[in-house]
Amino acid sequence: MVSLKDVALECGVSVATVSKALNGHSDVGAATTQRIREKARSMGYSPNTAARALKTHKTHNIGVLFMDEAQSGLTHHYFSNVLEGFRVAAEKHGYDITLINNNKDIDHTSYYERCISRGVDGVVIACVNFEAPFVKELLSGNIPLVTIDHVFNQCSAVVSDNVNGMKDLAEYIVSQGHKKIAYIHGEPSSVTRDRITSFYKTLYEHNIDVPEEYVIESKYQDTLGAVECTKRLMALKERPTCIIYPDDFSCIGGMNALTHMGFSIPDDISIAGYDGQQLSEVLRPALTTLRQDTKKIGATAAEELIQRIEHPKMTIVGQVLIEGRLVKGASVGKIQ
């Protein structure tokens with residue numbers, strides 16, 4: 001196995017210089033760093049991660065805990081993009097990521113025990129039940145944590161700006177003349193609460209009443225649930241002129257239901273999604289939605305967590321809001 005000493009002999013420098021160059025220290029010149037890295041690569045050098053962990057007391061490994069109710073895993077349209085942003089940012093800092101699984105039939109240990117056994121330096125948490133005992137145990141432990149789209153007192157949180165996002169979406173719909181606006185929202189969570197509150201507040205500011213039957217709960221990422229909710233809304237005596245869905249994926253179920261019932265979008269009924277995922281760009285008509293900056297959410301979560309890992313005494317626990325962007329699309333028609 002090629003060692004640091006072997007690389008140093010080939011380059012005519014000290015072992016310390018090789019180590020600094022490979023770890024990106026600024027006190028080694030750019031030309032020297034490049035020469036050392038190229039030589040190390042050509043010689044087939046690979047760092048001894050176990051030795052580095054013993055010396056630094058860090059494994060440069062970050063745990064990712066993610067579990068939505070649908071158990072969609074990495075196929076989750078929203079979170080897969082967040083995770084990709086997280087992975088890219090983490091790897092730039094030399095960190096690997098490990099998924100913390102949820103298969104209790106095989107592994108009866110808690111999340112905290114699994115994180116300890118895998119030696120992770122920190123954990124990012126998203127889409128889990130924060131009231132579950134195993135999650136509470138992890139939150140109360142001494143592992144650096146960052147949560148995504150959930151605010152928890154002792155953790156830094158990276159959150160999409162759902163309040164202003166829903167406000168922008170609702171105000172655009174109102175600007176198109178709509179006063180009968182229904183909202184199919186997701187299951188209870190801090191994200192859902194922020195969106196519902198913003199929805200009501202925005203319409204109140206425009207003197208628009210929202211009938212109780214216009215606001216219905218359905219699961220996120222659930223096309224079948226969206227179909228049933230759409231049928232309920234369209235069966236009302238006073239039908240809405242626009243329906244907001246909890247996410248773009250659910251919106252597909254709503255579009256299919258409306259088309260099957262003989263309604264034309266947006267001529268007979270307007271619809272809007274939320275998330276701004278890539279699939280919304282290929283729908284016809286193009287979907288009106290609020291695009292969340294998923295890559296930035298993931299990258300920011302990685303930066304916040306690594307800051308907590310490497311500089312714990314200088315890290316202030318707080319909430320980072322990531323702005324979204326309204327995509328007007330063509331699924332919201334203008335009321336004359």
Hits for side-chain contact (heavy atoms from CB on, under 4.5 Å) against L233, two or more places apart or cross-chain, chain-then-number order -> A182, I184, I216, L236, P240, I243

CG (D247) and CD (Q292) are apart, to the nearest 0.5 Å, by 10.0 Å

>> A side-chain contact here means heavy atoms from C-beta on lying under 4.5 Å apart; do P285 and S331 qualify?
In response: yes

Would you indicate whether the side-chain heavy atoms of V7 and L9 approach each other to under 4.5 Å? no

Of all heavy-atom pairs linking G333 and H178, the shortest is O-NE2, 2.7 Å

Quick one, I116 and I143 - any side-chain contact, counting heavy atoms below 4.5 Å? yes

Requested in this report: State whether the side chain of R37 and the backbone N or O of A21 hold a donor-acceptor pair below 3.5 Å, judged by distance alone.
Outcome: yes

Open item on the list: Is it the case that the side chain of D121 and the backbone of H60 share a donor-acceptor pair, with hydrogens and angles ignored and the cut-off at 3.5 Å?
Closed with: yes

_Could you see if V320 belongs to whatever hydrophobic cluster contains I297? Use Ile, Leu, Val, Met, Phe, Trp, Tyr and a side-chain cutoff under 4.5 Å._
yes

Between the main-chain N or O of P188 and the side-chain N or O of T192, is there a donor-acceptor pair closer than 3.5 Å?
no

Before accepting this row, confirm whether a basic side-chain N of the pair R308/E304 lies closer than 4.0 Å to the acidic partner's carboxylate O. no

Could you tell me if the side chain of K167 sits less than 4.5 Å from the side chain of K201, heavy atoms only? no

Rounded to the nearest 0.5 angstrom, the OG-NZ distance for S175 and K334 is 6.5 Å

Looking at E38 and R35, does any basic side-chain N land under 4.0 Å from a carboxylate oxygen?
no

Q) Does H185 use its side chain to pair, donor to acceptor, with the backbone of K219 at less than 3.5 Å? A) no

- Joint cluster assignment, F86 & L99, ILVMFWY side-chain distance < 4.5 Å: yes

Problem set entry | Main-chain N/O of M255 paired to T259 side chain as donor or acceptor, under 3.5 Å | yes

Closest non-hydrogen atoms of A330 and P266, given as atom of the first, atom of the second and distance, are O-CG, 3.4 Å

- Query: Can you check whether S250's main-chain N or O pairs, donor with acceptor, with Q221's side chain at less than 3.5 Å?
  - Reply: no

message: So does Y274 get a backbone contact from the side chain of D248, meaning a donor-acceptor N/O pair under 3.5 Å?
response: yes

Between I306 and A90 the two heavy atoms that sit nearest each other are CD1-CA, 4.1 Å

- prompt: Quick check: are there more than 12 heavy atoms from other residues, nucleotides or ligands sitting under 6.0 Å from NE2 of H260?
  reply: no

| task | With side-chain contact (heavy atoms from CB on, under 4.5 Å) as the test, would you mind laying out the steps for I181 and F199 before giving the verdict? | result | CA-CA 10 Å; I181 306 170; F199 171 77; 3.9 Å; yes

When rounded to the nearest 0.5 Å, the distance separating SG of C242 from CD1 of I265 is 10.5 Å

Of V146, L321, V82, the one forming a side-chain contact (heavy atoms from CB on, under 4.5 Å) with V158 is V146

Cluster check V88, Y95: I/L/V/M/F/W/Y, side chain < 4.5 angstrom
no

For residues 6-17, the side chain to side chain donor-acceptor pair (under 3.5 Å) pairs (sequence neighbours left out) are S3-D6, S14-T17

T289 and G276 have their tightest heavy-atom pair at OG1-N, 3.3 Å

In I173, L258, T288, the residue satisfying side-chain contact (heavy atoms from CB on, under 4.5 Å) with I271 is L258

Query raised in the report: Tell me, do Y183 and M166 make a side-chain contact under 4.5 Å, heavy atoms counted?
Result: yes

Original post:
Heavy atoms, side chains only, cut-off 4.5 Å: are L305 and I62 in contact?
Top reply: yes

Closest non-hydrogen atoms of S160 and D149, given as atom of the first, atom of the second and distance, are N-OD1, 3.0 Å

- Is the side chain of S42 donor-acceptor paired with the backbone N or O of K39 at a distance under 3.5 Å, no angle test? yes

Those residues at least two apart in sequence (or on a different chain) that pass salt bridge (Lys or Arg N to Asp or Glu O under 4.0 Å) with K179 are none

Quick note, side chain to side chain donor-acceptor pair (under 3.5 Å) partners involving residues 222-235, not counting sequence neighbours, are T230-Y245

Taken in chain and number order and not counting sequence neighbours, the residues that satisfy salt bridge (Lys or Arg N to Asp or Glu O under 4.0 Å) with E212 are none

Surrounding CG of D209 (heavy atoms of other residues, nucleotides or ligands, distance under 6.0 Å), is the total greater than 12?
no

* Decide yes or no on side-chain contact (heavy atoms from CB on, under 4.5 Å) for I269 and M234, but give the supporting numbers first. => CA-CA 10 Å; I269 177 76; M234 299 308 289; 4.2 Å; yes

With sequence neighbours left out, the residues meeting salt bridge (Lys or Arg N to Asp or Glu O under 4.0 Å) with K180 are E238

So do the side chains of V210 and V215 get within less than 4.5 Å of each other, counting heavy atoms only?
yes

Would you say R325 and D293 make side-chain contact, with heavy atoms under 4.5 Å? no

Rounded to the nearest 0.5 angstrom, the OG-CD1 distance for S156 and I148 is 12.0 Å

Heavy-atom nearest pair, L65 first then I100, reads CD1-O, 3.8 Å

CD of E323 to CG of N164, rounded to nearest 0.5 Å, is 7.0 Å

- prompt: So, S198 side chain and D194 main chain: donor-acceptor pair closer than 3.5 Å or not?
  reply: no

According to a 4.5 Å side-chain heavy-atom criterion applied to Ile, Leu, Val, Met, Phe, Trp and Tyr, with indirect links allowed, do V13 and V15 form part of one hydrophobic cluster?
yes

Hey, quick one: are V174 and I335 part of the same hydrophobic cluster, counting side-chain heavy atoms closer than 4.5 Å, chains of contacts allowed?
no

Derivation of the side-chain contact (heavy atoms from CB on, under 4.5 Å) call for F79 and T294: CA-CA 8 Å; F79 184 72; T294 50; over 6 Å; no

### Task
Apply the test side-chain contact (heavy atoms from CB on, under 4.5 Å) to residues D161 and I322: give CA-CA distance (whole Å), side-chain angles for both, the deciding distance (0.1 Å), then the verdict.
CA-CA 6 Å; D161 191 348; I322 306 297; over 6 Å; no

Please evaluate residues H93 and E303 with respect to the criterion side-chain hydrogen bond (donor to acceptor under 3.5 Å, both in side chains), reporting the C-alpha separation (whole Å), side-chain torsions for both, the decisive distance (0.1 Å), and the verdict. CA-CA 9 Å; H93 288 276; E303 297 287 348; 3.1 Å; yes

